[in-house]
Amino acid sequence: MSRRLSLLRWGLLALGILFIAIGIGGGEHLEVMRKAVRICMECIGIG
């Protein structure tokens with residue numbers, strides 16, 4: 001059971017890293033930053 005749990009953890013870690021790399025490769029981090037700046041500006045009343 002411990003071996004299966006360990007494999008599951010490493011598999012999920014690898015999958016997470018893969019999805020992060022795909023998002024960065026597609027430029028999604030820039031879109032997230034644009035939305036965060038827009039929300040922040042709306043909160044303080046500038047945008």
Side-chain angles (χ1 to χ4, degrees):
M1 180 79 175
S2 177
R3 180 161 168 75
R4 291 177 97 191
L5 186 59
S6 179
L7 285 174
L8 177 64
R9 287 179 180 166
W10 283 108
L12 289 174
L13 177 64
L15 188 61
I17 291 170
L18 175 68
F19 284 152
I20 289 170
I22 290 171
I24 290 172
E28 291 296 320
H29 63 291
L30 299 173
E31 183 63 27
V32 170
M33 182 59 99
R34 275 188 229 113
K35 288 181 180 182
V37 168
R38 192 173 327 127
I39 288 171
C40 220
M41 293 177 119
E42 287 176 5
C43 286
I44 59 174
I46 294 176

Trainee: Run the salt bridge (Lys or Arg N to Asp or Glu O under 4.0 Å) test against E31 and tell me which residues pass, sequence neighbours left out.
Mentor: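 Counting only residues at least two positions away or on another chain, E31 forms a salt bridge (Lys or Arg N to Asp or Glu O under 4.0 Å) with R34.
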Trainee: Under a single-linkage rule joining Ile, Leu, Val, Met, Phe, Trp and Tyr whose side-chain heavy atoms are separated by less than 4.5 Å, which residues share a cluster with V32?
Mentor: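 Traced through the cluster, V32 reaches no other member.
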Trainee: What donor-acceptor contacts under 3.5 angstrom involve side-chain atoms of residues 4-28, with partners at least two apart or in another chain?
Mentor:
none

